[in-house]
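Worksheet for the structure shown next.
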2 protein chains.
Amino acid sequence: MTIEMFERTLELAALLAAEIERKLAADGLTRSRAQVLRRLGEEGPMQQRELARVFDVSARNITGLVDGLVTTGFVTREPHPDDRRATLVTLTARGVTAAQTIEASRHELAEAMFAGIPEREKHAYRGVLDTLLDNLRTR
Amino acid sequence: MTIEMFERTLELAALLAAEIERKLAADGLTRSRAQVLRRLGEEGPMQQRELARVFDVSARNITGLVDGLVTTGFVTREPHPDDRRATLVTLTARGVTAAQTIEASRHELAEAMFAGIPEREKHAYRGVLDTLLDNLRTR
DNA sequence: TATTGTTATACTCTATAACTATA
DNA sequence: TATAGTTATAGAGTATAACAATA
């Protein structure tokens with residue numbers, strides 16, 4: 001009954017997405033914008049074209065996401081010191097806090113999600129997960 | 001390292017979503033529209049309000065999805081025999097075929113995804129999955 | 001000439017509110 | 001008065017193409 005496991009895996013994905021988006025919405029963020037914040041939190045200020053590259057989306061898309069983040073006060077566009085064409089998308093104080101909150105929420109959700117599962121079963125899950133990822137990647 | 005398993009679970013979800021959407025796009029469908037087709041394939045003609053109820057979305061949203069499916073030839077709006085306010089969203093021949101193709105693709109993807117995983121590990125995966133779903137639902 | 005980012009335009013999903021036709 | 005579905009309006013994510021400023 002692989003189809004049943006497949007459906008349940010999709011159900012898990014849907015529940016996870018809903019839970020994550022619920023939290024983000026409470027902080028005034030969408031999933032796409034939060035993804036940008038997380039990356040900026042890890043890497044520091046970045047050019048828009050670099051963001052477009054790492055997320056594999058169009059430049060126009062990044063312009064829109066950054067517009068939204070600027071309007072809501074999470075980032076600013078700073079001039080690039082060496083290239084006057086480029087801007088450096090930079091976290092504000094609020095943006096830094098938000099990025100930290102996102103990380104903390106993810107840890108909290110991860111713990112809650114795997115609560116009550118014995119180490120041994122976690123290992124088994126982890127092993128299967130790696131195979132599933134491999135199977136999907138080489139397709 | 002629950003956070004790592006968490007991240008990998010999200011990665012799996014993302015890969016699955018991408019794979020599913022890739023296939024659907026090749027058939028001229030989006031995920032939301034395909035969801036409607038699948039339901040119609042299982043239940044037969046349905047009222048829009050019923051669709052809105054089962055997917056827990058607004059009536060407006062269903063109007064838009066059905067508009068798209070009508071334009072692309074997957075469904076028609078038929079008059080409800082007993083209630084002149086209502087329409088019965090009905091699969092066309094093309095819609096029936098598409099619904100069947102979707103189901104077949106899901107089975108195929110499920111098989112490919114779980115290929116090479118011994119029964120015993122599938123069982124373990126299934127068990128953990130159920131707990132994860134429980135943990136997320138009771139939250 | 002090539003690159004960075006914006007403007008113009010378009011499509012999709014989603015929502016609330018007002019409205020029409022019907023029950 | 002309540003319900004089914006549409007129109008009006010709006011926000012968000014995504015894309016391609018044309019364009020301005022700069023490299």
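Just so you know, these numbers come straight off a predicted model, no measurement behind them.
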- Query: Are A:V36 and A:F74 close enough, and set up right, to give a side-chain contact (heavy atoms from CB on, under 4.5 Å), and what steps lead you there?
  - Reply: CA-CA 10 Å; A:V36 171; A:F74 291 101; over 6 Å; no

- Message: For A:R126 and A:E119: C-alpha separation, side-chain torsions, deciding distance, then whether salt bridge (Lys or Arg N to Asp or Glu O under 4.0 Å) applies.
- Response: CA-CA 10 Å; A:R126 168 65 184 279; A:E119 276 310 309; over 6 Å; no

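Across residues 75-91 of chain A, A:D83, A:R84, A:R85 each have a non-hydrogen atom less than 4.0 Å from an atom of DNA chain D (numbered order). Of the residues in residues 41-71 of chain A, those with a non-hydrogen atom less than 4.0 angstrom from any atom of DNA chain D are A:V57, A:S58, A:R60, A:N61, A:L65. For DNA chain D, the residues of residues 15-34 of chain A within the heavy-atom distance limit of 4.0 Å (strictly under) are A:T30, A:S32, A:R33, sorted by number.
If one axis is set at each end of the helix from C:dT1-D:dA23 to C:dA23-D:dT1 from five pairs, those axes are 20° apart, to 10°.
Looking at every heavy atom in both residues, B:A17 comes nearest to B:R31 through CB-NH1, 3.7 Å.
Contact of the B:L24 side chain with the B:T30 side chain is not registered, since no non-hydrogen atoms from C-beta on lie closer than 4.5 Å. B:M5 places none of its side-chain heavy atoms less than 4.5 Å from the side chain of B:R8. Residues B:L88 and B:T76 have side chains not in contact (no heavy-atom distance under 4.5 Å, counting atoms from C-beta outward).
B:L129 CG to A:T9 OG1: the interatomic distance, rounded to the nearest 0.5 Å, is 5.0 Å. Interatomic distance, B:T90 OG1 to B:L40 CG, rounded to the nearest 0.5 Å: 8.0 Å. Summarising the geometry, atom CG belonging to B:L29 is positioned 11.5 Å from atom CD belonging to B:E21; distances are rounded to the nearest 0.5 Å.
Checked for salt-bridge contact, A:E11 and B:R137 meet the test: a charged N lies under 4.0 Å from a carboxylate O.
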Pairs under 3.5 angstrom only: tabulate donor-acceptor contacts from the side chains of residues 44-57 of chain B to other protein residues two or more places apart or in another chain.
from  : atom 1 : to    : atom 2 : distance (Å)
B:Q47 : NE2    : B:H80 : NE2    : 3.4
B:Q48 : OE1    : B:R77 : NE     : 2.8
B:Q48 : OE1    : B:R77 : NH2    : 3.3
B:E50 : OE1    : B:R53 : NE     : 3.3
B:E50 : OE2    : B:R53 : NH2    : 2.9

Listed pairs under 3.5 Å, donor-acceptor, residues 103-115 of chain B side chains, sequence neighbours left out:
from   : atom 1 : to     : atom 2 : distance (Å)
B:E103 : OE2    : B:R38  : NE     : 2.7
B:S105 : OG     : B:T101 : O      : 3.0
B:R106 : NH2    : A:E7   : OE1    : 2.8
B:E108 : OE1    : A:R139 : NH2    : 3.0
B:E108 : OE1    : B:K23  : NZ     : 2.9
B:E111 : OE2    : A:T2   : OG1    : 2.9

